[in-house]
Amino acid sequence: MANTGETQIKVYRAEDAPQRGLTGEAVAVLGYGNLGRTAALNLRDSGATVRVGNREDEYAGRARDEGFEVVPLRVAASDDIVFLLLPDEVIPTVFAGEVASALRSGSAIAFASGYSLAYGLISPPDTVDVLLVAPRMAGVQARDRYLAGEGFWACVGVEAALDLFVEQSVGAILGMAIMMAFEVGREAGIPDEALVMEMYMSGEMEVVFRSFRETGFFRSSEDHGPTAVFGGITRTLEMDREAMMTAFRKILEDIRSGGFASRFQDEARSGYPMLEVAKSIMHGPSPIADAEERIRRLVESPKRGSERPGGA
Ligand code: NDP
């Protein structure tokens, strides 16, 4: 689509794609996880003929339950369009072992992340087209938005560094800020429930991020009133901006140089020790998780003081 002339990125909308452009093409989605399931369902609902490539396990079972033919990865890789939706660090091994030799000349292989290509972890043959369709949305929400007719943004050509950089800088700082504010607040005697409620359980933060998008990152601050603006700007100015800029530059450089990818591949080869630590934090007990649970129970418990049936 023609650009507005003001952006440096080229934007395509659904109307720019040929209607039913995938008619007659055999599309294989390899992997039925977070994004694989969404891609397979959305493509099928858009009229494509889709089958799923997966190992025989619970993901395969779920795909069958949802009406897909499930075949081994090697078989699926011989379709016209092969959407490779396996975990990034797994793609190099599976690509070399089961996908590369099965790809047909003239077919296309698509990825949802530039990771394995950008860091030279795989080299698709010259006889196939290579596509990138990377939703800017987690798989579950991408499905929800498709069903709601809302659509979602996706990058069709972007360096892998952008995605990694934002999740390792903004994502890491946000996570750390929430954990530190929780610790400091409870040290000072603020109830755990009040802390998680203030930070995200009330849903206010979602509205804040939505207004970044709709009103603008800077302009939306006005919605919160002068007290919040004064507090926010003065505290921001007190922060060590240079230290944070230096840390972010280091992160970006490490990503661009392939340092991060090399460590992540080592992590996969060693059986994911760090991801095991992360999982034990994510699923283990913690004061934050306990407080969230108590708030959920409060929300779900029968309403007191609400209207009784029949009036009053
Ligand atoms: P998942 O971790 O959800 O992938 C799980 C799928 O991969 C399952 O079908 C699983 O099947 C299969 N799988 C895992 N390990 C292996 C293996 N060793 N051999 C064969 N199959 C395996 O991945 P995501 O959906 O999160 O990510 C897929 C791609 O999409 C990545 O490139 C990611 O960067 C990108 N992406 C993901 C987003 C998201 O929402 N998560 C958003 C945007 C992009 P099995 O039962 O066999 O293990």
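All heavy atoms count here, side chains included; hydrogens, waters and symmetry mates do not. Residue numbers run from 1 in the order of the sequence given.
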*Asks:* For the residue pair Arg51 and Val70, establish whether any side-chain heavy-atom pair is separated by less than 4.5 Å.
*Replies:* no
*Asks:* How far does OG of Ser101 sit from CZ of Phe95, to the nearest 0.5 angstrom?
*Replies:* 9.5 Å
*Asks:* Inspect the surroundings of CG in Asp126 and state if more than 12 heavy atoms from other residues, nucleotides or ligands are less than 6.0 Å away.
*Replies:* no
*Asks:* Of all heavy-atom pairs between Ala194 and Ile190, which one has the smallest distance, and what is that distance?
*Replies:* CB-CG2, 4.3 Å
*Asks:* Evaluate Glu98 against Arg74 for salt bridge (Lys or Arg N to Asp or Glu O under 4.0 Å), listing each step before the verdict.
*Replies:* CA-CA 5 Å; Glu98 295 172 75; Arg74 188 187 299 279; 5.1 Å; no
*Asks:* Does Ile233, at its CD1 atom, have more than 12 non-hydrogen atoms belonging to other residues, nucleotides or ligands within less than 6.0 Å?
*Replies:* no
*Asks:* Is any side-chain N of the basic residue among Arg269 and Asp266 closer than 4.0 Å to the acidic one's carboxylate O?
*Replies:* yes
*Asks:* Would you say Leu121 and Ile91 make side-chain contact, with heavy atoms under 4.5 Å?
*Replies:* no
*Asks:* In terms of hydrophobic clustering (I, L, V, M, F, W, Y; side-chain heavy atoms under 4.5 Å; direct or indirect links), are Ile295 and Leu195 co-clustered?
*Replies:* yes
*Asks:* With the threshold set at 4.0 Å, does a side-chain nitrogen-carboxylate oxygen contact exist between Asp45 and Arg143?
*Replies:* yes
*Asks:* Which heavy atom of Gly24 sits nearest a heavy atom of Asp80, and at what distance?
*Replies:* O-OD2, 4.1 Å
*Asks:* Is a side-chain N or O of Ser220 found less than 3.5 angstrom from the main chain of Gly216, in a donor-acceptor match?
*Replies:* yes
*Asks:* Check Val133 against Ala154 and note the closest heavy-atom contact, atom names and distance.
*Replies:* CG1-CB, 4.4 Å
*Asks:* Can you confirm whether Arg186 is buried at CZ, in the sense that more than 12 heavy atoms of other residues, nucleotides or ligands lie under 6.0 Å from that atom?
*Replies:* yes
*Asks:* Using every non-hydrogen atom in the two residues, find where Ala76 and Val82 come nearest and quote the distance to one decimal.
*Replies:* O-CG2, 4.0 Å
*Asks:* Tyr59: which residues meet the ring-ring contact (aromatic ring centres under 6.0 Å, His included) condition with it, sequence neighbours left out?
*Replies:* none
*Asks:* Tell me, do Val27 and Thr49 make a side-chain contact under 4.5 Å, heavy atoms counted?
*Replies:* no
*Asks:* Could you walk me through whether Glu56 and Arg64 pass the salt bridge (Lys or Arg N to Asp or Glu O under 4.0 Å) check?
*Replies:* CA-CA 11 Å; Glu56 272 311 320; Arg64 276 199 191 94; 2.8 Å; yes
*Asks:* Within a 6.0 Å radius of atom CZ on Arg136, are there more than 12 heavy atoms belonging to other residues, nucleotides or ligands?
*Replies:* yes
*Asks:* Would you say the side-chain atoms of Glu66 and Tyr32 include a donor-acceptor pair closer than 3.5 Å?
*Replies:* yes
*Asks:* Under a 4.5 Å cut-off applied to non-hydrogen side-chain atoms, are Leu103 and Pro125 in contact?
*Replies:* yes
*Asks:* In Å and rounded to the nearest 0.5 Å, what is the CG to CZ distance from Asp144 to Phe152?
*Replies:* 11.0 Å
*Asks:* For His224 and Val208, run side chain to side chain contact (heavy atoms under 4.5 Å, CB included): C-alpha distance rounded to whole Å, both residues' side-chain angles, the deciding distance at 0.1 Å, then the answer.
*Replies:* CA-CA 9 Å; His224 306 287; Val208 169; 3.6 Å; yes
*Asks:* Would Leu131 and Ile109 count as a side chain to side chain contact (heavy atoms under 4.5 Å, CB included) if you check the C-alpha gap in whole Å, the side-chain angles of each, and the deciding distance to 0.1 Å?
*Replies:* CA-CA 6 Å; Leu131 316 171; Ile109 182 158; over 6 Å; no
*Asks:* Got a sec, which residues hit ring-ring contact (aromatic ring centres under 6.0 Å, His included) with Tyr200, two or more places apart in sequence or on another chain?
*Replies:* none
*Asks:* Could I get the full list of ring-ring contact (aromatic ring centres under 6.0 Å, His included) partners for Phe83, not counting sequence neighbours?
*Replies:* none
*Asks:* Would Ile281 and Lys279 count as a side chain to side chain contact (heavy atoms under 4.5 Å, CB included) here? Give the steps.
*Replies:* CA-CA 5 Å; Ile281 296 171; Lys279 262 191 209 159; over 6 Å; no
*Asks:* Starting from the C-alpha separation in whole Å, work towards a yes-or-no answer on side chain to side chain contact (heavy atoms under 4.5 Å, CB included) for Arg13 and Asp16.
*Replies:* CA-CA 5 Å; Arg13 295 172 197 280; Asp16 301 316; 3.6 Å; yes
*Asks:* Would a hydrophobic clustering, with Ile, Leu, Val, Met, Phe, Trp and Tyr connected at side-chain separations under 4.5 Å, put Leu41 with Val140?
*Replies:* no
*Asks:* I'd like to know whether CE of Met282 has more than 12 heavy-atom contacts from other residues, nucleotides or ligands below 6.0 angstrom.
*Replies:* yes
*Asks:* Can a donor-acceptor pair be found, under 3.5 Å and without considering hydrogens, that links the side chain of Ser286 to the backbone of Ala289?
*Replies:* yes
*Asks:* Between Tyr272 and Glu89, is there a side-chain heavy-atom distance shorter than 4.5 Å?
*Replies:* yes
*Asks:* Same hydrophobic cluster for Leu84 and Tyr115, using side-chain heavy-atom links shorter than 4.5 Å among ILVMFWY?
*Replies:* yes
*Asks:* Would you check if the side chain of Thr23 reaches a backbone N or O of Arg20 as a donor-acceptor pair within less than 3.5 Å?
*Replies:* yes
*Asks:* Group every Ile, Leu, Val, Met, Phe, Trp and Tyr by side-chain heavy-atom contacts under 4.5 Å, then state whether Leu43 and Val71 land in the same group.
*Replies:* no
*Asks:* Can you confirm whether Thr215 sits close enough to Glu222 that some side-chain heavy atom of one is under 4.5 Å from a side-chain heavy atom of the other?
*Replies:* no
*Asks:* With rounding to the nearest 0.5 angstrom, report the OG to CD distance, Ser46 to Gln19.
*Replies:* 10.0 Å
*Asks:* Check the side chains of Tyr119 and Ser262 for a donor-acceptor pair under 3.5 angstrom, ignoring hydrogens and angles.
*Replies:* no
*Asks:* For Phe218, what residues pass the ring-ring contact (aromatic ring centres under 6.0 Å, His included) criterion, not counting sequence neighbours?
*Replies:* none
*Asks:* Below 4.5 Å, heavy atoms only, C-beta onward: do Ser113 and Leu164 meet side chain to side chain?
*Replies:* no
*Asks:* Determine whether Leu30 and Asn54 make a side-chain contact, defined as any pair of heavy atoms from C-beta on separated by less than 4.5 Å.
*Replies:* no
*Asks:* Counting heavy atoms not belonging to Gln265, are there more than 12 under 6.0 Å from its CD?
*Replies:* yes
*Asks:* CD of Glu58: more than 12 outside heavy atoms within 6.0 angstrom?
*Replies:* no
*Asks:* Checking Asp290 now: which residues fulfil salt bridge (charged side-chain N to carboxylate O under 4.0 Å, His left out) with it, not counting sequence neighbours?
*Replies:* none
*Asks:* Which atoms form the tightest heavy-atom contact between Asn42 and Ala142, and what is the distance?
*Replies:* ND2-O, 3.7 Å
*Asks:* Please confirm whether the backbone N or O of Ala243 pairs with a side-chain atom of Asp240, one donor and one acceptor, at under 3.5 Å?
*Replies:* yes
*Asks:* Within 45° of the axis and under 6.0 Å from the centre of the six-membered ring of Phe68, does NZ or CZ of Arg44 qualify?
*Replies:* yes
*Asks:* Looking only at heavy atoms, what is the nearest atom pair of Gln168 and Ile251, with distance?
*Replies:* O-CD1, 3.7 Å
*Asks:* Main chain of Gly139, side chain of Thr38: is a donor-acceptor contact present, judged purely on distance under 3.5 Å?
*Replies:* yes
*Asks:* Which salt bridge (charged side-chain N to carboxylate O under 4.0 Å, His left out) pairs, counting each pair once, include a residue from residues 226-239, with sequence neighbours left out?
*Replies:* Arg235-Glu238
*Asks:* For the CD atom on Glu167, are there more than 12 heavy atoms of other groups (residues, nucleotides or ligands in this structure) within a distance under 6.0 Å?
*Replies:* yes
*Asks:* Are Leu86 and Ile122 in one and the same hydrophobic cluster, where Ile, Leu, Val, Met, Phe, Trp and Tyr link if side-chain heavy atoms are under 4.5 Å apart?
*Replies:* yes
*Asks:* Please report the C-alpha distance between Glu293 and Arg296 in whole Å, then the side-chain angles of each, then the deciding distance to 0.1 Å, and finally whether the salt bridge (Lys or Arg N to Asp or Glu O under 4.0 Å) criterion is met.
*Replies:* CA-CA 5 Å; Glu293 194 45 42; Arg296 280 189 207 106; 3.2 Å; yes
*Asks:* Can a donor-acceptor pair be found, under 3.5 Å and without considering hydrogens, that links the side chain of Glu267 to the backbone of Met274?
*Replies:* yes
